[in-house]
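For the numbers below, each heavy atom of this structure counts, side chains included, while hydrogens, waters and symmetry mates do not. Keep in mind it's a predicted model, so treat the numbers as computed, not measured. Every chain is numbered from 1, with letters handed out A, B, ... down the list of sequences.
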Amino acid sequence: MSKNYKRYTISAALPYANGPKHIGHLAGAYIPADVYVRYLRLNGKDVVFVSGSDEHGTAIPNQALKENTTSRAIIDKYHAQIRDCFEKLGMSFDIYHRTSESIHHQTSQEFFLTLYNKGLLNEEVSEQYFDTEAKVFLADRYIVGTCPRCGHTNAYGDQCEKCGSTLSPRELIDPHSTLSGKPPVLRPTKHWYLPLQQYENWLKEWILNSHKDDWKTNVYGQCKSWIDAGLQSRAMTRDLDWGIKVPLPDAEGKVLYVWFDAPIGYISATRALFKELAEGKKEFATPQRDFGKVAEGDWKKYWSDEETKLVHFIGKDNIVFHCIIFPIMLHTSGEYILPDNVPANEFMNLEGDKMSTSRGWSIEMHEYLEDFPDKPDVLRYALLTNLPETKDSEFTWKDFQAKNNNELVAIFGNFVNRALVLTQKYFDNKIPASGALTPTDEKVITDLKEFPARIAASLENYRFREATALVMDLARLGNKYLAETEPWKLAKTDLPRVGTILNLALQISANLAVLVEPFLPFTSARLKLMLNSKNFTWQECGSHTLLKEGHALSEPKLLFEKIEDETIAGQIKKLNAKKASIELASQPVDLAKPEVTFDDFSKMDIRIGKILKAERVEKSKKLLKLQVDTGIDVRTVMSGIAEYFQPEEIVGKQVTILVNLAPRKIMGVESQGMILMASDKDGSLRLLQPSAVVSPGSKVS
RNA sequence: GGCGAGGUAGCUCAGUUGGUUAGAGCAUCGGAUUCAUAACCCGAAGGUCGGCAGUUCAACUCUGCUCCUCGCUACCA
């Protein structure tokens with residue numbers, strides 16, 4: 001099924017440098033990518049593994065505002081933090097680059113111009129909000145106002161963080177710029193659009209037909225969903241002062257859309273790698289193998305040669321960009337190859353809830369490393385055995401402990417330790433000679449021989465959990481062999497036989513040291529040190545003669561240690577405490593609205609009414625159609641509360657209603673008035689009721 | 001509401017083109033063992049494969065409907 005590729009270009013999603021990244025990100029993209037790459041390298045493949053920080057887009061300046069600093073300071077801070085965490089967790093990037101680097105700006109601008117010069121981008125003028133004082137167009141995120149849905153006074157132009165609704169800036173009531181505080185005005189602005197719909201047929205052929213069988217169902221399904229829904233033109237530029245300048249004469253104040261430049265970051269990183277290698281000075285490059293003598297232009301082979309296999313490792317949130325938009329860009333440019341696969345993972349939940357940095361329900365990489373500095377491999381293993389490969393999965397601390405204690409310690413570490421300690425005891429820590437083989441030995445040798453190919457087959461198909469389990473099975477094979485042959489009993493009567501057994505047990509250990517490398521690189525290194533063994537290739541594995549008779553071993557040490565219940569309880573406590581403190585901290589976010597006069601207030605005719613009837617609205621998830629007795633009359637009110645109230649439970653309830661609100665047609669029904677609600681910070685709604693029943697029509701003042 | 005992905009043993013998950021008694025790890029129980037971090041090894045128990053109907057000699061696997069979870073998207077306070 002797989003073509004024999006000459007070389008590989010492997011990318012791991014560029015993490016957005018606006019904050020720390022958690023273990024869900026690791027499970028989604030980075031761990032699988034690293035395992036895959038390490039496996040390829042062990043096979044002597046010509047592979048380049050790239051990643052780096054994604055440092056543009058509106059969220060960066062936004063985060064800078066929050067932290068009261070500059071965009072540059074934000075990206076410098078998080079770039080360094082994320083890069084260092086990755087390194088400590090063993091991510092073996094050949095380069096970890098940044099999209100703020102000039103070579104990336106250059107690459108992105110060249111890419112944009114290629115499309116522009118081919119006439120593939122459409123210029124379109126539309127009306128956008130402009131801040132007359134700051135003299136800039138405002139990205140959605142820079143406009144705040146009152147949320148038309150929940151009344152939150154500090155809703156962003158793209159989203160209300162209170163109720164979670166997706167908004168467009170024009171929906172905001174009383175919008176104002178976060179830069180000047182002034183109300184923005186609509187002004188025409190020009191942007192360049194990529195007409196995705198023109199490539200529908202091409203996409204159908206490329207994805208729906210040619211990748212029907214080799215792409216994961218979750219990835220394929222999402223692509224199909226997008227393509228079937230009909231693609232639309234998408235602006236590839238933005239009005240913003242943070243990002244890559246649009247390389248055209250009349251494009252002052254315009255930058256490339258972050259999703260245009262971010263995936264190009266893979267290309268820039270590759271380019272930067274070869275430039276640094278050719279020039280012999282490493283700034284971002286961390287080459288993981290000997291690239292030999294290279295020329296600056298060699299990067300092109302990794303992006304334009306049909307014999308290169310390009311694979312993007314991402315999380316499921318990135319599917320549309322990596323499978324639809326970026327491939328269209330690559331395709332239309334005419335200069336680049338397309339990804340062979342995009343094995344996107346689903347999400348990893350944490351202790352029963354969605355992982356979220358902003359809500360404090362997460363284990364950030366740096367937090368883990370602070371608490372378990374000497375255990376990067378334990379996290380890698382716990383994540384690997386539970387990757388969300390086909391559906392969302394779940395990480396729990398209890399499971400983390402179990403994986404460590406019951407598998408890494410009890411099976412893997414234990415087997416290696418048994419083989420080594422016995423050798424030290426009976427053979428002066430040297431590899432004993434192997435004598436005549438018994439049927440048991442022969443069977444183990446046969447089984448051992450099959451492991452490299454079995455693990456490889458799983459990895460080639462991006463089945464990392466299965467591959468990880470197979471490595472553990474090899475350690476199981478070792479334990480079983482020792483249990484069956486019982487060398488400690490034979491030691492008194494037949495030392496040569498004991499030698500044969502331990503020789504084979506050590507050969508299994510030597511194989512383990514190599515085969516486990518993609519998964520647990522730190523463990524692999526320590527084990528090789530104990531065995532005093534060289535770096536064997538994948539092809540050499542499966543052999544029962546890796547280590548020669550008489551070869552001296554180093555002092556055996558334990559590979560893993562148990563994790564106690566208290567440690568786990570401490571982590572769970574810490575997690576809950578973090579969530580609680582963030583909830584508390586995010587409490588007083590709402591600013592008071594601008595001052596009003598008593599006259600302004602008196603314009604509102606607010607009454608207490610009684611709900612007489614409530615029914616669901618067809619085809620609507622949020623709306624209830626209510627009949628309300630206002631004391632004045634009985635009227636119909638459409639209310640977006642269906643997600644929080646059952647129709648039957650609110651009938652008969654008294655509610656507060658704004659009766660002189662201009663009527664508005666909603667879902668074809670005229671809504672006469674508005675039910676007032678208290679919206680909690682999670683967006684949930686509660687009725688506003690008088691403390692005791694009053695007669696319908698009672699005024700609120 | 002539309003689209004997509006899931007719903008398989010107590011837990012976390014596999015199940016290839018429909019084909020004998022539906023698998024793994026962990027947890028549980030029993031046995032054996034003591035070289036090893038009370039670890040390992042052997043064995044047992046445990047599932048009407050979300051529900052209903054259909055196609056078929058045969059359905060976890062295909063089709064339709066339905067319920068639940070997650071994601072995107074739409075109406076909306």
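- In this structure, A/M472 atom CE and B/C26 atom P are separated by 10 Å, rounded to whole Å.
- OP1 or OP2 of B/G15 has at least one side-chain nitrogen or oxygen of A/R463 nearer than 4.0 Å.
- At the heavy-atom level, A/K489 lies under 4.0 Å from the strands shown only through sugar-phosphate atoms.
- You'll find the ring centres of A/F400 and A/F372 inside the 6.0 Å limit.
- Nucleotides B/C68 and B/C57 place their C1' atoms 34 Å apart, quoted to the nearest Å.
- Across all strands, A/F415 comes closer than 4.0 Å to no nucleic acid atom at all (heavy-atom distances).
- Straight-line distance from the NZ atom of A/K625 to the C1' atom of B/A77: 18 Å, rounded to whole Å.
- Looking at heavy-atom distances under 4.0 Å, A/T385 makes no contact with the nucleic acid at all.
- Counting non-hydrogen atoms under 4.0 angstrom, A/K354 reaches the backbone sugars and phosphates but no base.
- Phosphate contact (OP1/OP2 of B/A27, side-chain N/O of A/N406, threshold under 4.0 Å): present.
- The A/N414 side chain lies nearest to B/A39 when the options are B/U33, B/G6, B/A39.
- With sequence neighbours left out, the ring-ring contact (aromatic ring centres under 6.0 Å, His included) criterion links A/W488 to no other residue.
- Going from the P atom of B/A27 to that of B/A58 covers 42 Å, rounded to whole Å.
- Here, B/A77 and B/G4 have their P atoms 29 Å apart, quoted to the whole Å.
- In this structure, A/L482 places its CG atom 10 Å from P of B/C41, rounding to the nearest Å.
- When the nearest nucleotides of RNA chain B are assigned to A/N417 and A/K316 by heavy-atom distance, the more 5′-ward of the two goes with A/N417.
- Counting only heavy atoms from C-beta on, A/V409 has its side chain closest to B/U37 among B/C41, B/U37, B/C3.
- Side-chain N or O atoms of A/R635 include one that pairs as donor or acceptor with a backbone N or O of A/V659 at under 3.5 Å.
- Contact annotation: A/K425 side-chain N/O to B/A36 OP1/OP2 distance is not under 4.0 Å.
- Listed pair A/R476 / B/C42 fails the phosphate criterion, with no side-chain N or O lying under 4.0 Å from OP1 or OP2.
- Nucleotides B/G30 and B/U69, compared at atom C1', are 38 Å apart to the nearest Å.
- The interatomic distance linking A/N405 (CG) with B/C26 (C1') rounds to 12 Å, in whole Å.
- In this structure, the CD atom of A/E484 is 8 Å from the C1' atom of B/C41, given to the nearest Å.
- Here the side chain of A/K391 is nearest to one of B/G7, B/C70, B/C35, namely B/G7.
- Counting any heavy atom pair closer than 4.0 Å across all strands shown, A/L559 reaches a base atom.
- Remark: B/C11 base-pairs with B/G25. Criterion, Watson-Crick or G-U wobble with two distances under 3.5 Å.
- Picking from B/C40, B/C70, B/G4 the nucleotide with the shortest atom distance to the side chain of A/D392 gives B/C70.
- The nucleotide whose nearest atom lies closest to any side-chain atom of A/E407 is, among B/G25, B/U33, B/C35, B/G25.
- Among the protein residues, A/S393 comes within range of the sugar-phosphate backbone only, with heavy atoms under 4.0 Å from sugar or phosphate atoms but none that close to a base.
- Here the P atom of nucleotide B/A27 and the CZ atom of A/F400 are 16 Å apart, to the nearest Å.
- A salt bridge is defined here as a Lys NZ or Arg NE, NH1 or NH2 lying under 4.0 Å from an Asp or Glu carboxylate O, and A/R454 with A/D473 fails to meet this definition.
- A/F415 does not carry A/R418 over the face of its six-membered ring by the limits of under 6.0 Å from the centre and within 45° of the normal.
- Minimum atom distance to the side chain of A/S225 is reached by B/G4, of the listed B/G15, B/C26, B/G4.
- In this structure, A/E389 reaches neither bases nor backbone, as no heavy-atom distance under 4.0 Å exists between it and the strands shown.
- Of the candidates B/C40, B/A77, B/A5, B/A5 carries the atom nearest the A/N218 side chain, counting heavy atoms from C-beta on.
- As rounded to the nearest Å, B/G10 and B/G50 have P atoms that lie 13 Å from one another.
- Ion pairing of A/R476 with A/D447 is absent here, as no side-chain N (NZ or NE/NH1/NH2) approaches a carboxylate O to less than 4.0 Å.
- Salt bridge present: A/K316 and A/E346 bring a charged side-chain N and a carboxylate O closer than 4.0 Å.
- Regarding A/Q222, its CD atom lies at a distance of 12 Å from the C1' atom of B/U73, rounded to whole Å.
- Rounded to an integer number of Å, the gap from A/F347 CZ to B/U69 P is 19 Å.
- With C1' as the reference atom, B/C26 and B/U34 are 24 Å apart, rounded to whole Å.
- Rounded to a whole angstrom, the distance from the P atom of B/U28 to that of B/A39 is 10 Å.
- Residue A/A469 is classed as having no contact, given no heavy-atom separation below 4.0 Å to the nucleic acid.
- Here A/K480 reaches the OP1 or OP2 of B/C42: one of its side-chain N or O atoms lies under 4.0 Å away.
- Nucleotides B/G23 and B/C49 are separated by 12 Å at their C1' atoms, to the nearest Å.
- Under 4.0 Å is where a charged nitrogen must lie from a carboxylate oxygen, and between A/E561 and A/K375 at least one such pair does.
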